[in-house]
Amino acid sequence: MIQVTLPDGSKRDYEDGASALDVAESISKSLAKKALAARVNGELRDLTRELPAEAAVEIVTAKDADGLELIRHDAAHVLAQAVQELFPGTQVTIGPVIDDGFYYDFAREEPFSTEDFEAIEKKMAEIVDADYPILREVWEKDDAIETFKSIGEDYKAQIIDDIIPPGEAITVYRQGNWYDLCRGPHLPSTGKLPKAFKLMKLAGAYWRGDHRNEMLQRMYGTAWRNEQELKAYLTQIEEAEKRDHRKLATQLDLFHLDGEAAAGSVFWHPKGYQVWLQIEAYIRRRLGAEGYNEIKTPQLMDSAQWEKSGHWGKFRENMFIVPDFIPDGEGEVKIPSDSRLMAIKPMNCPAHVEVFKSGQKSYRDLPLRLAEFGCCHRNEPHGALHGIMRVRQFTQDDAHIFCREDQIISETERFCALLQSVYDDFGFEKVDVKLSTRPDMRAGSDAVWDRAEHDLEEAIKATGLPYEIMPGEGAFYGPKLEFQLTDAIGRVWQCGTLQLDFVLPERLGADYIDESGDKVRPVMLHRAILGSMERFIGILIEEFAGAFPLWLAPVQVVVATITSEADAYAKEAAEALRAAGLRVETDLRNEKINYKVREHSVQKVPIIAVVGAREADERKLALRRFGSKAQEIVTLEEAVSGLAAEALAPDLKRAVG
RNA sequence: GCCGGCUUAGCUCAGCUGGUAGAGCACCUGAUUUGUAAUCAGGGGGUCGGGGGUUCGAGUCCCUCAGCCGGCACCA
């Protein structure tokens, strides 16, 4: 006898050998039909598995999050079966569920093409129509390895060999005459898989994520409960693609990239750079208010300096090296073999330590906060470059805080509070915080690491932000906090960071004089709020879909005339607005107002000030705001004072009150 | 760096199985003086990413290099 407890708390008895499907059937026919799997005593299981003597049973349907995951998992299996039937000789490897879908990695000599997708999707639909029961089997480990090897599935055999402890059994799921190693659970039959899946893209992926291994072919797919959901998802992707910062940059004339002229470096156009300048000015004010001192340090430093800092050994392959010699004015460039080498800075920290070291520092100087909008170059692999999110030349809103060990917590808390306030000002609500702890290869004693990790964690707790610990992901010199933002397509980017460093002050010999006159090593906090200006602006563009808030918009107001009779007044109004600090353009072209409104709306200008004969007569402006059709008729004076106040950066607005 | 795809006018894109380049917008000129998302007419503009090859003939086929896109690896 099996006693089953249902989610509503009611209890029912079933005969021995009963399954969750029997339970579902006893409740209702329709539930049995909808059932995909069951949660038995908290564990997700196949519907048809025998229940234990006492079982809390919850029937999982497509409505549950678990159900959707099962659908995606099964879609991956059906994909694998379809591919193996269509392309004999293809080996299967792994096929996990991911956000919004699944992928499957295949090993095959010939490359797949997206043109194969249609045939594969058709075959998948056939497998669904065939409604093969999905059967769970338990095999001995060694038998499984033998069997998979015998059918040429070397990867599968290797997976079993590596991840299953000796002597332990494995489970295999069979659908039709196809079977695969899998932990399960699965849907009861392939017919339960909704035909709401689609293959999305094809990509290479290293076996086990290691670049030294062979490359497999990965097929990404998406799968949903029904066609409406699939359609909604596809529409959502299309919408997200419209926010792509690279597309918007062209449309709004913000910047351009030229992979042949300067791979990974940005050509900022006037409008894009205006956004940059506003952000830079804002950060400069915020840092100033927090007691930072801004500095500027060399772009090129001698290799000896980088050797001392440790970058030459640890980071050289990401650095641009420049021989220090005077080339001939004509003919081929011949670099003398004995010429000294310089390196373009990939980071600002060594130079900041040099500034700290110049002159003698006292404990009274600490914490010393040195800030720089430091332009760094990193020799990134070409395949890593991505718009302005991942570039080879970028400017960090960098600073290094030199302090005593007992000041770490308060400095970290101050930084986290500042960062949070800045992100609020930019309107970011979703920030992922990661705390990366000690890696295997590290400098410094465990006691120091204990303290450093503890201090960082205390500080991040104080902010109240949720965070996740990334074990072993810290830098070799110390643990770090990473603040991540997500772009329109869902890709996650590290922006802000705070890194504790006990090593660099040591390597470069930085010290200060303490109360008792002794030389003491300071601790260094590497920190950036935005991370890189380029990346942050890229994310901002996507966040706002190109429609910047007034304080950041490159052009804040366009004064557009209806008739040339209003030209003189339009110019006067624009001048008055400019005098109040606003960024204003006039549009006096001989065009209809519809045309002008459309053009500046497409350009996402926050405010169009329309001026016709009437406005010119009455010395008024007809304001139209981006995203609205409403007209707001105000006097020129009202517009000047109102818009000037409205256009203030958030920190200045707070200062005004 | 690795795998796959792509690269045609300033932008977005068309160009079937090889027959010798096209549209819309933008730009320039003219007309139109316009009331809140595209006024009309005319005009100029392309070594079809670079190089090599196959062919009587290549934007179309092949090779190669570069760049871009999507992943993977990398991101101190």
Within-4.5 Å side-chain heavy-atom neighbours: Phe102(A) and His73(A) = no

message = At under 4.0 Å between heavy atoms, how does the protein contact nucleotides 39-44 of chain B? Give one character per nucleotide, 5' to 3', with B, S or -.
response = B-----

request  = Could you tell me whether the side chains of Gln84(A) and Glu153(A) share a donor-acceptor contact shorter than 3.5 Å?
outcome  = yes

inquiry  = Tell me every residue that passes salt bridge (Lys or Arg N to Asp or Glu O under 4.0 Å) with Asp501(A), counting only those two or more places apart in sequence or in another chain.
reply    = none

remark   = Comparing nearest nucleotides in RNA chain B, the 5'-proximal residue of the pair Pro346(A), Glu115(A) is Glu115(A)

remark   = rG18(B) -> Watson-Crick or G-U wobble partner, both distances under 3.5 Å, gives none

message = Just by distance, no angles: are the side chains of Thr297(A) and Glu354(A) close enough, under 3.5 Å, to form a donor-acceptor pair?
response = no

remark   = With sugar-phosphate taken as primed atoms, P, OP1 and OP2 and all else as base, the protein-contact string of nucleotides 60-70 of chain B at under 4.0 Å (heavy atoms; B, S, -) is ------SSSSB

ask   = For Tyr233(A), which residues count as a ring pair (Phe, Tyr, Trp, His ring centres under 6.0 Å) partner, sequence neighbours excluded?
value = Trp224(A)

query = Between residues 206-220 of chain A and RNA chain B, which residues have a heavy-atom gap below 4.0 Å?
reply = Tyr206(A), Gly209(A), His211(A), Met215(A), Arg218(A), Tyr220(A)

query = Is there side-chain contact between Trp312(A) and Ile321(A), with heavy atoms separated by less than 4.5 Å?
reply = yes

task = Give a yes/no verdict on a cation-pi contact between Lys201(A) and Tyr220(A), requiring under 6.0 Å between NZ or CZ and the six-membered ring centre and an angle within 45° of the axis.
result = yes

message = Does any part of the side chain of Arg527(A), heavy atoms only, come nearer than 4.5 Å to the side chain of Ile401(A), both counted from C-beta?
response = yes

message = Can you work out whether Phe112(A) or Gln499(A) has the more 5'-proximal nearest nucleotide on RNA chain B?
response = Phe112(A)

message = For rG70(B), give the paired nucleotide (Watson-Crick: N1-N3 plus N6-O4 or O6-N4; G-U: N1-O2 and O6-N3; both under 3.5 Å), or none.
response = rC3(B)

request  = For Pro111(A), report the nucleic acid contact type (base, sugar-phosphate, nothing); a contact means any heavy atom under 4.0 Å.
outcome  = sugar-phosphate

note = Answer for the Watson-Crick or wobble partner of rU39(B), both distances under 3.5 Å, is rA31(B)

ask   = When all nucleic acid strands are considered with a 4.0 Å heavy-atom cut-off, which category describes Ala475(A): base, sugar-phosphate, or nothing?
value = sugar-phosphate

ask   = Would you say Gln91(A) and Leu216(A) make side-chain contact, with heavy atoms under 4.5 Å?
value = no

inquiry  = On the nucleotide rA37(B), are OP1 or OP2 found under 4.0 Å from the side-chain N or O atoms that Arg624(A) carries?
reply    = yes

ask   = Does rG46(B) pair with anything, Watson-Crick or G-U wobble, both distances under 3.5 Å, and if so, with which nucleotide?
value = none

query = Watson-Crick or G-U wobble partner for rA9(B), using a 3.5 Å limit on both distances?
reply = none

key: Any strand: nucleotide that pairs with rG59(B) via Watson-Crick or wobble, under 3.5 Å   = none

Give every donor-acceptor pair under 3.5 Å between a side-chain atom in residues 536-549 of chain A and any protein atom, sequence neighbours left out.
residue, atom, partner, partner atom, Å
Glu542(A), OE1, Ala488(A), N, 2.8
Glu542(A), OE2, His245(A), N, 2.9
Glu542(A), OE2, His245(A), ND1, 2.9

remark   = Taken to the nearest whole Å, CD/Glu109(A) to C1'/rG4(B) is 16 Å

message = Can you tell whether the side chains of Asp210(A) and Arg208(A) come within less than 4.0 Å, N to carboxylate O?
response = no

